[in-house]
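In what follows, every chain begins at residue 1, and chains take the letters A, B, ... in the order their sequences are listed. Computed from a prediction, not measured in an experiment: that's the story for all the values here. Below, all heavy atoms of this structure are taken into account, side chains as well, without hydrogens, waters or symmetry copies.
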Amino acid sequence: MALTLHDTLTREPRALTPLDGKTLRFYCCGPTVYGPAHIGNFRTFVAQDVFRRTLEMGGLPTLHVRNLTDVDDKTIRDSQKAGQTLADFTRYWTEKFHADCTALNLLPPHVEPSAVTHIPHQVRMIETLVQRGHAYTTGDGSVYFKVSSFGDYGRLSHLEDRELRLGATVASNATDSDEYSKDSLADFALWKARKPEDGENFWPSPWGEGRPGWHLECSAMALEYLGEDFDVHSGGVDLIFPHHENEIAQSCCATHGKFAHHWFHVTHLMVDGGKMSKSLGNLYTLEDLQKRGYSPAEVRYVLISGYYSAPLNFTFHSLDAARQALQKLAKFAKALGDAAKNDTLTPGPFQEAWDTLNNDLNVPGALGAMFGTINKTKPATLTVDEAQQAWSGLHFMLKALGLNLPAEAEEVEIPAEIIALAEARWQAKLAKDWPAADVARKELDAAGWVIKDSKDSYQVVKK
RNA sequence: GGCGGGGUAGCAAAGUGGUAAUGCACUGGUCUGCAAAACCGGUAUGCGCGGGUUCAAUUCCCGCCCCCGCCUCCA
């Protein structure tokens, strides 16, 4: 079945069918690599990953492009602060980002272009826009997009002219020297003339030395790798305006194509009921959470456990809940037995979960359906064939959601004194010396071990 | 003020014009010397507030309140 996804532009759910009939091509606005990404950033990237996985599990190949913003005000400023070249600085944070992505089980994009390595593409695009009368140069050697030259401006964000202040000129109250020469407040920079504080970070262009504006890079790279028309463009909700609005304007004006045909936006993550911010001390990175003992899989589970279009409230309690939920899934998988394992993945008894997922990427609904199936399936009563189908369906869904089950507790070396203590306790128990047995159990507990009794044997496991 | 997303059990979170999935937590039972583990159950007379439509609304309509985001380079 085809995935149906809500489209920000038309404001309705629409079935996704590839424009070229074969491959679903989509672009995601990637990170600015100037510091560690936080879990809010990853909510978006994880949602996009589930999107891609759902398409692919449904039999539709994808072409996934996600950029790296490695030149902008922040990367330049912070690289200088760090006393590094821009390239060294952004490489460091790019590697950090990739490590987090791998840990969170995100499929790497098929193409991951960086802004710095696509300057000529951006320059060419600006030239076209200037030639066509959609952009103008200013005295300092900057180039701006003329918003009033694009009639559809504002369609994505539904902002009216008066909100955009389209007609407003930059006359009296311009405080930012950077912007003093714009014709209209709504116009945005395509090319920013070189300034002293840019240091060594400038490139040649027909308008003089400088660097590209932020909005342009995504358009240029999308055009390069996906063409004038492609299926889906995605990012966080905060990018709708102005970033995506500007992308549409400059892309459509430069190519006369339609640019993205479908817009997929992910709502922000909240923490403790409010927004995440450094000043509130509630901004977490994956590393922060790992230091507190949570696994990336648990973080991923939390991030997908809310509907992508609704706010999701992140709490530590939800991480604990994720741990238990993953354990429950793992126990079910294990209970099906080794004989159930097989290579063909099909939804099988998890069809309802799969259908739910395809209905606008309803992950929480899909998870609910999965547990529903699990709760009514008694592994012990299944035939081998039924168990195989259950195993297949479970793993089909896990793959679509990108969830890796926690590994079974590895065989840990049990210290001799623990074995001795456990044995002593077992003997005390057999002798019905309950006080002694309880003392031994308490000592084991203090040492971090737990006894699991069964009929006529016991197990010691690490807490 | 404009635009958008939300307000469902202790927490998190689906869903529906006919009487509320799921996970966690809590709790009863089986088992156990007692626990743990496992398994079987239970837990929202109610879905922000007030009206309206309807045989029936949490679900549709109207009004209102509250939270979050964006409103010119924040996922």
Side-chain angles (χ1 to χ4, degrees), chain A residues 8 11 28-32 37-48 69 72-74 147 154 156-160 162-165 178-179 182 184-189 192 213-217 234-243 245-246 265-270 273-277 301-302 305-329 331 335 352-353 356 362-375 378 380 428-429 432-435 437-438 441 445 450-455 458-459 461 463:
Chain A
T8 310
R11 296 185 178 192
C28 301
C29 289
T32 301
H38 54 70
I39 55 171
N41 299 116
F42 280 116
R43 181 187 189 191
T44 300
F45 298 132
V46 168
Q48 291 162 343
T69 296
D72 77 327
D73 291 348
K74 292 182 298 240
V147 165
L156 184 70
S157 50
H158 300 264
L159 288 175
E160 301 298 326
R162 61 196 158 84
E163 271 83 50
L164 295 168
R165 296 183 288 175
D178 195 30
E179 315 247 299
K182 287 200 296 187
S184 161
L185 272 176
D187 294 350
F188 56 91
K192 305 178 88 159
W214 176 56
H215 304 299
L216 190 70
E217 64 175 79
S234 175
V237 280
D238 56 315
L239 296 183
I240 294 174
F241 188 85
H243 186 53
E245 200 72 76
N246 291 352
H265 289 104
V266 181
T267 298
H268 280 189
L269 184 73
M270 312 211 313
K275 69 174 175 180
M276 224 178 1
S277 76
Y301 189 98
V302 170
S305 66
Y307 213 140
Y308 74 85
S309 64
L312 172 66
N313 192 25
F314 173 86
T315 62
F316 283 96
H317 181 86
S318 63
L319 276 173
D320 294 330
R323 172 168 298 173
Q324 296 306 320
L326 285 166
Q327 287 292 346
K328 184 164 177 170
L329 293 170
K331 280 173 193 163
E352 184 190 342
T356 303
N362 185 351
V363 175
L367 285 168
M370 285 172 73
F371 284 108
T373 298
I374 286 171
N375 288 339
K378 308 296 166 213
K429 178 186 154 133
K432 298 196 191 295
D433 182 357
W434 310 131
D438 286 345
R441 191 164 60 197
D445 183 72
V450 181
I451 292 272
K452 291 186 186 178
D453 284 345
S454 49
K455 201 94 186 142
Y458 65 93
Q459 238 189 316
V461 295
K463 245 201 300 198

Any idea which of [options] is nearest the [X] side chain?
X: Lys331(A); options: rG33(B), rA75(B), rA38(B); answer: rA38(B)
X: Trp214(A); options: rC74(B), rC3(B), rC73(B); answer: rC73(B)
X: Arg441(A); options: rA12(B), rA35(B), rA14(B); answer: rA35(B)
X: Phe241(A); options: rC73(B), rG4(B), rC71(B); answer: rC71(B)
X: Ala437(A); options: rA25(B), rG33(B), rU22(B); answer: rG33(B)

Atom C1', compared across rU8(B) and rU58(B): separation rounded to whole Å: 8 Å
field: Whole-angstrom distance between rC47(B) and rC31(B), as gauged at atom P
entry: 41 Å
Look at the side chain of [X] against the base of [N] and say whether a donor-acceptor pair falls under 3.5 Å; ignore hydrogens and angles.
X: Asn362(A); N: rG15(B); answer: no
X: Lys378(A); N: rC39(B); answer: no
X: His317(A); N: rC24(B); answer: yes
X: Asp453(A); N: rA35(B); answer: yes

query: Ring-on-base stacking between His268(A) and rG69(B), under 5.5 Å between centres and under 30° between planes: is it there?
result: no
query: What does Tyr307(A) touch in the nucleic acid at a heavy-atom separation under 4.0 angstrom: a base, only the sugar-phosphate, or nothing?
result: sugar-phosphate
- request: Rounded to the nearest angstrom, tell me the gap between atom CG in Leu312(A) and atom C1' in rG23(B).
  value: 13 Å
- request: For Met270(A) and rG5(B), give me the distance from atom CE to atom P, rounded to whole Å.
  value: 16 Å
